[in-house]
Amino acid sequence: MEKVVLAFSGGLDTTVCVKLLEEKYNLEVITACVDVGQGEEEIRKAEVMAEEIGSQKHYTIDAREEFANDYISKGIKANAEYEGYPLSTALARPLIAQKIIEIAEKENAKAIAHGCTGKGNDQFRFEAVILAMSDFEIVAPIRELNLTRSEEIEYAKNHNIPLSSDKTYSIDENIWGRSIEGGKLEDPSNEAPEEIYEWTESYENAKDTPQKVAIEFEEGIPIAIDEEMMGLIDLINKANKIAGSNGVGRIDMIENRIIGLKSREIYEVPGAKLLIAAHKALEELVLTKDEIRFKEYVSTLYSDLVYNAMWQEPLREDLDQAIDNMQQRVSGKVELKLFKGSIIPLTRESDFSLHDMEEISFEDKETDQREVEGMIKHHGLQAGKYQKLKR
Ligand code: ARG
């Protein structure tokens, strides 16, 4: 029998895929779960599920460091947010695909499989990488057999596939964020129930007193939180805790998917929201006005590329280089206040600050105020001529 490596999470889609790949495709299934920080419990769950379902071989690949240092860090430097969503799932997919390719090569497999449906974004993200970076065949059983979620549950029951607890929602989790979809959330006229949230407090239950937090950056990367230096993974985990307990980082949005569908999506991204807010606050101090305008534009472009499964697009690499160049001066410290879902910058300091306290001061006599008169006359020259004509 020929081998297929399945990107496996232990969730409904990928568990059903194991049986489908054996039964309908006649392939020997090797499952591989890429750890991008979905939590110890999820990783163990995937291992147990792989065993129970009879996967021939199961891999757990720890890709957390790579995810933080080569993907999330780029997201922070770019302030990457798609329609307000910090791209937690979108940033992880290319790395997961890359890791699955490595296993498929090692196992001499014929194909790579994933459990995505034909409606979402992740099928694009996985397949873009597999197509660009390998010659493996791609198998997408859920999409190819046009299965609905309830048909999958039915199939699981008929094939004695053990299903872990509640299958109402489709959840994706990694260090950078948590996404919850499906069930009653599909109808935007339904309020999202409190039970879906795990990383963030509601405004009502968030702390009643504001919390101050200090983030220090070096070349665009956060390196310390509240004066404590730590690696990016620990720092993000800590940022998630601090921001989440203050009700920061809940997103309930109508998102525009790649295939054009609008979909109601819920995210919990407390650390991402805090770190991006702090990063932007520091950029305001050290980048020029033109750099900031360019950065806003680049940020949208970058986020669209990441969201739209274009990680392999050379423009993404070009933008990373331009961003890295600017980030050389994004070093310093930002202090912020968190209170019931809001983030407010309090103080900013940097050796690269372009802010001149003396010149901006109302008490400054050094700068001759009269010098600006000529500038003003020329500043609105054409608008003035136009209005004169009209008059
Ligand atoms: N819509 C988001 C994205 O495209 C999240 C998808 C995550 N998948 C899930 N099953 N919750 O990045």
Side-chain angles (χ1 to χ4, degrees), residues 6-17 33-34 36-39 42 45-46 67 71-72 74-75 78 80-97 114-129 140-143 147-150 152-153 163-186 188 192-193 195-200 249-269 272-273 276 300 302-311 316:
L6 168 69
F8 187 76
S9 69
L12 175 67
D13 298 316
T14 57
T15 307
V16 165
C17 277
C33 176
V34 181
V36 281
Q38 54 271 60
E42 284 297 304
K45 202 181 87 185
F67 183 41
Y71 293 77
I72 298 177
K74 291 188 168 69
E81 292 188 290
Y82 176 85
E83 300 177 349
Y85 147 55
L87 298 164
S88 40
T89 297
L91 278 168
R93 294 317 193 195
L95 174 61
I96 295 173
H114 62 71
C116 303
T117 70
K119 292 193 176 167
N121 301 319
D122 291 330
Q123 52 178 340
F124 286 86
R125 297 172 186 150
F126 280 135
E127 294 186 26
V129 175
I142 307 294
R143 181 179 72 205
L147 295 179
T148 65
R149 202 163 170 84
S150 37
E152 287 181 49
I153 295 173
L163 289 183
S164 60
S165 62
D166 187 22
K167 285 284 139 219
T168 341
Y169 304 111
S170 167
I171 297 169
D172 183 62
E173 195 173 305
N174 64 46
I175 322 169
W176 202 224
R178 209 173 156 257
S179 109
I180 313 107
E181 291 174 7
K184 64 186 278 198
L185 301 174
E186 285 177 354
E195 69 191 28
I196 64 167
Y197 296 107
E198 286 185 3
W199 290 13
T200 55
R250 282 191 183 186
I251 302 176
D252 185 333
M253 67 189 283
I254 305 293
E255 179 173 305
N256 293 294
R257 285 194 189 164
I258 299 174
I259 64 166
L261 289 172
K262 279 196 185 291
S263 115
R264 200 273 192 89
E265 312 259 340
I266 311 268
Y267 298 101
E268 286 192 283
V269 280
K273 283 289 177 192
I276 291 176
T300 309
Y302 194 87
S303 307
D304 281 350
L305 287 172
V306 173
Y307 186 87
N308 292 327
M310 304 293 247
W311 187 259
R316 197 268 307 160

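In each ligand, atom 1 is the first atom listed, and ligand 1 is the first ligand listed.
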Give a yes or no on whether a salt bridge exists between R264 and E186, defined as a side-chain N under 4.0 angstrom from a carboxylate O.
no
From the list R125, E255, E83, side chain to side chain donor-acceptor pair (under 3.5 Å) with Y307 holds only for E255
Given that the side chain starts at C-beta and the backbone is N, CA, C, O, which of these parts of E265 lies under 4.0 Å from ligand 1, counting heavy atoms, or is it both or neither?
side chain
Do the charged groups of R149 and E152 touch, with an N to O distance under 4.0 Å?
no
Tell me, yes or no, whether the heavy-atom count around M310 atom CE, taken from other residues, nucleotides or ligands under 6.0 Å, exceeds 12.
no
Using a 4.0 Å heavy-atom cut-off, which part of Y267 comes near ligand 1: side chain, backbone, both, or neither?
side chain
Can you name the atoms of ligand 1, numbered from 1 with element, that are less than 4.0 Å from a heavy atom of R125?
3 (C), 4 (O), 12 (O)
What about R93: any of its N or O atoms under 3.5 Å from an N or O on ligand 1?
no
Would you call R93 and D172 a salt bridge, using N to O less than 4.0 angstrom?
yes
Show the atoms of ligand 1 that are less than 4.0 angstrom away from any heavy atom in S170.
9 (C), 10 (N), 11 (N)
Between S88 and N174, is any side-chain donor less than 3.5 angstrom from a side-chain acceptor?
no
Provide the number and element of each atom of ligand 1 under 4.0 Å from a heavy atom of D172.
7 (C), 8 (N), 9 (C), 11 (N)
Considering only non-hydrogen protein atoms, determine which one is nearest to atom 12 (O) of ligand 1 and report residue, atom name and distance to 0.1 Å.
Y85 OH, 2.5 Å
What protein heavy atom lies closest to atom 6 (C) of ligand 1? Include the residue and the distance to one decimal.
E181 OE2, 3.2 Å
Under the ring-ring contact (aromatic ring centres under 6.0 Å, His included) test, which residues partner F126, sequence neighbours left out?
H114
Shortest protein heavy-atom distance from atom 4 (O) of ligand 1, along with the residue and atom involved
N121 ND2, 2.7 Å
Decide whether the shortest distance between a heavy atom of Y82 and an atom of ligand 1 is less than 4.0 Å.
no
In the protein, which heavy atom is nearest to atom 7 (C) of ligand 1, and how far is it?
S179 OG, 3.2 Å
R143 side chain to T117 main-chain N or O, any donor-acceptor pair under 3.5 Å?
no
